[in-house]
Amino acid sequence: MRGLVHKYGGTSVATPEKIKNVAKRIIREKEKGLDMVVVVSAMGKTTDHLVELAGQISQHPDERELDLLLSTGEQVSIALLTMALQEEGYEAISLTGFQAGIKTVGPHTKNKIIDIDIDKVKDYLAEGKIVIVAGFQGMNELGEITTLGRGGSDTTAVALAAKLSFPCHIYTDVEGIYSVDPRLYKPAKKLEVISYEEMMEMASLGAGVMEPRSILIGQKYKVPIYVASSMNQEKGTYIKEYDGTMEEKVVTGLSVCDDILMVTISQIPDAAENMALIFDKLAARHVNVDMISQAASFGGLLSVSFTAKVEDRGAVQAVMDELDPQYHVCMESEISKLSVVGMGMRNQSGVSGRLFRILSDHKIPFRQVTTSEISISYAIDRLDKERAVAILSQGLNL
């Protein structure tokens with residue numbers, strides 16, 4: 001079976017005209033003799049609108065019901081795209097995540113795909129149909145509708161491609177992967193190719209073009225991923241396994257994330273179990289903690305700072321409310337995280353010194369810093385973000 005998985009984001013299907021254009025792009029591939037599976041997000045800002053509606057009803061909507069509500073957005077877009085293909089004379093069928101056999105596990109609104117029963121999709125492909133699948137959703141072990149979190153349609157598409165042994169094309173409102181978000185730094189360079197590892201690091205640190213779990217699945221199952229614009233025919237970016245033909249730059253890109261909540265807890269008695277209790281409680285509420293820094297004990301008391309996503313503020317606040325009242329808690333959201341990523345950082349020394357010097361020379365303070373094998377991240381005040389992006393991008397030739 002020779003085929004291809006396409007994924008179209010919300011901006012690509014935001015209007016009936018855009019849906020018709022997407023249908024024509026799919027038809028061009030179908031005319032090449034390819035079996036086509038297409039994953040679609042909700043139209044435009046539909047998901048944001050549904051979240052807003054839920055907020056008007058309840059300050060803390062039940063997450064099971066929220067999943068049920070949010071899943072309706074994708075059902076609209078898959079039905080409309082299927083109609084557009086049928087209108088052009090092509091056999092097509094739309095499937096919800098449940099109907100497509102996507103099995104998930106985890107807390108509502110943050111489920112993860114554990115398997116896909118691909119038989120129904122294969123049967124429809126064997127009949128010559130174009131299969132349109134709702135992204136972002138699945139079904140858990142209780143038979144309930146679930147959603148995969150922001151960017152979940154990317155994960156749906158790559159997971160389907162892995163099960164079908166198809167390549168995966170991600171079509172969006174940008175023309176590929178850039179060294180820096182071109183909305184923040186106009187001279188940013190479009191990359192012809194990037195390794196899974198670099199893309200996963202950039203995505204997990206804030207680059208919004210791809211969802212990190214989708215890259216992890218792509219790397220694990222060696223799914224060729226191509227990212228390009230749905231609006232034109234400009235050449236995009238290939239995401240693939242690193243090999244010797246790829247230019248090893250010291251720094252490949254700069255990720256920027258504004259979705260940062262910085263929490264500082266002070267007046268903690270210097271005992272390991274106190275710190276363990278804090279992070280056990282955060283884990284129990286499914287809060288993904290990122291940067292962590294601990295100040296040295298002074299007078300038998302510690303302070304610790306960590307970052308999490310702003311969307312987890314409610315869960316973080318609930319944990320803070322459970323702590324000993326002697327602890328002093330400060331929560332800040334006007335924080336941005338800038339992360340420099342590159343495979344070459346593994347083997348070349350002096351990168352961190354260069355970054356510290358750039359920030360120092362331009363008098364840009366940072367609140368926290370953390371590193372991995374191929375990245376260095378800084379938490380800075382939001383007011384310094386644009387200037388920091390510009391001077392780092394220029395200094396690193398991005």
Side-chain angles (χ1 to χ4, degrees), residues 2-14 17-41 81 135 151 153-154 157-158 160-162 165-203 207-212 214-215 217-219 222-249 251-256 341-344 393 396-398:
R2 197 167 68 95
L4 184 61
V5 173
H6 275 196
K7 179 262 177 177
Y8 292 92
T11 55
S12 301
V13 292
E17 292 73 23
K18 288 185 175 182
I19 289 173
K20 290 176 183 178
N21 287 333
V22 164
K24 290 174 183 176
R25 185 183 286 264
I26 295 165
I27 288 167
R28 284 198 295 269
E29 299 291 356
K30 180 66 175 175
E31 287 298 307
K32 296 176 185 176
L34 296 173
D35 288 320
M36 293 298 299
V37 176
V38 183
V39 174
V40 188
S41 299
L81 179 56
S153 294
D154 290 345
V158 178
L160 280 166
S165 299
F166 289 177
C168 183
H169 289 193
I170 306 289
Y171 289 103
T172 179
D173 57 348
V174 295
E175 294 179 353
I177 310 297
Y178 285 78
S179 56
V180 190
D181 186 338
R183 293 170 296 185
L184 297 175
Y185 183 63
K186 287 185 178 179
K189 300 170 184 175
K190 184 167 66 177
L191 306 173
E192 290 185 7
V193 63
I194 185 171
S195 68
Y196 290 122
E197 195 167 0
E198 288 173 316
M199 187 68 251
M200 187 158 52
E201 194 84 0
M202 288 182 67
V209 179
M210 290 290 294
E211 202 281 328
S214 67
I215 305 302
I217 293 169
Q219 182 178 32
K222 295 182 171 54
V223 177
I225 302 173
Y226 177 68
V227 182
S229 171
S230 62
M231 313 300 175
N232 57 49
Q233 299 297 321
E234 290 293 320
K235 186 177 180 182
T237 303
Y238 287 94
I239 306 171
K240 54 180 272 189
E241 197 73 49
Y242 177 80
D243 61 48
T245 65
M246 296 168 65
E247 180 184 358
E248 185 175 291
K249 301 175 182 177
V251 174
T252 296
L254 172 68
S255 288
V256 182
V341 177
M343 293 285 281
S393 300
L396 298 169
N397 192 30
L398 299 175

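- A 4.5 Å side-chain heavy-atom check between Leu396 and Leu254 finds every atom pair outside the cut-off.
- The two residues Val158 and Val223 make their nearest non-hydrogen contact at O-CG2, 4.2 Å.
- The aromatic rings of His169 and His6 lie parallel to each other, their planes meeting at an angle below 30°, with 60° marking the opposite boundary.
- Under a 3.5 Å cut-off, the side chain of Asp154 and the backbone N or O of Ser214 do not form any donor-acceptor pair.
- Rounding to the nearest 0.5 angstrom, the gap separating the OH atom in Tyr178 from the CG atom in Leu398 is 14.5 Å.
- Annotation for Val5 and Ala157: closest pair CG1-O, 3.6 Å, computed over non-hydrogen atoms.
- Remark: Lys240 NZ to Lys222 NZ distance equals 13.0 Å, nearest 0.5 Å.
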For this session: Using the side-chain contact (heavy atoms from CB on, under 4.5 Å) rule, take Ser41 and Lys7 through it: C-alpha gap first, then chi angles, then the decisive distance, then the call.
Result: CA-CA 8 Å; Ser41 299; Lys7 179 262 177 177; 3.7 Å; yes

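- For the pair Ile194 and Met202, the minimum side-chain heavy-atom distance is below 4.5 Å.
- Under the side-chain contact (heavy atoms from CB on, under 4.5 Å) criterion, Val227 pairs with Ile170, Thr172, Ile177, Val209, Met210, Ile225, Ile239, not counting sequence neighbours.
- For the side-chain hydrogen bond (donor to acceptor under 3.5 Å, both in side chains) test, residues two or more places apart in sequence or in another chain that qualify with Ser230 are Ser12.
- Surrounding NZ of Lys20 are at most 12 heavy atoms belonging to other residues, nucleotides or ligands under 6.0 Å away.
- Within the 4.5 Å cutoff, the side chain of Asp35 has heavy atoms near those of the Phe166 side chain.
- Using a 30° and 60° split on the angle between ring planes, Tyr8 and Tyr171 fall in the parallel class, below 30°.
- Minimum heavy-atom separation, Ala228 to Glu234: CB-O, 4.3 Å.
- For the pair Glu201 and Met343, the minimum side-chain heavy-atom distance is 4.5 Å or more.
- Using a 4.0 Å cut-off between charged side-chain N and carboxylate O, Lys32 and Glu29 make a salt bridge.
- To the nearest 0.5 Å, atoms CD (Glu211) and OG (Ser153) are separated by 10.0 Å.
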What side-chain donor-acceptor pairs closer than 3.5 Å can you find for residues 186-193, not counting sequence neighbours?
from   : atom 1 : to     : atom 2 : distance (Å)
Lys189 : NZ     : Asn397 : O      : 3.2
Lys189 : NZ     : Asn397 : OD1    : 3.3
Lys190 : NZ     : Lys235 : O      : 2.6

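- Atoms CZ and CD, on Arg28 and Glu31 in that order, are 11.0 Å from each other to the nearest 0.5 Å.
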Practice item. Give the C-alpha distance, both sets of side-chain angles, the deciding distance and a yes or no for side-chain contact (heavy atoms from CB on, under 4.5 Å) between Lys18 and Met231. Key: CA-CA 9 Å; Lys18 288 185 175 182; Met231 313 300 175; 3.9 Å; yes

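- Considering only heavy atoms from C-beta on, Val256 comes within 4.5 Å of Leu184 through its side chain.
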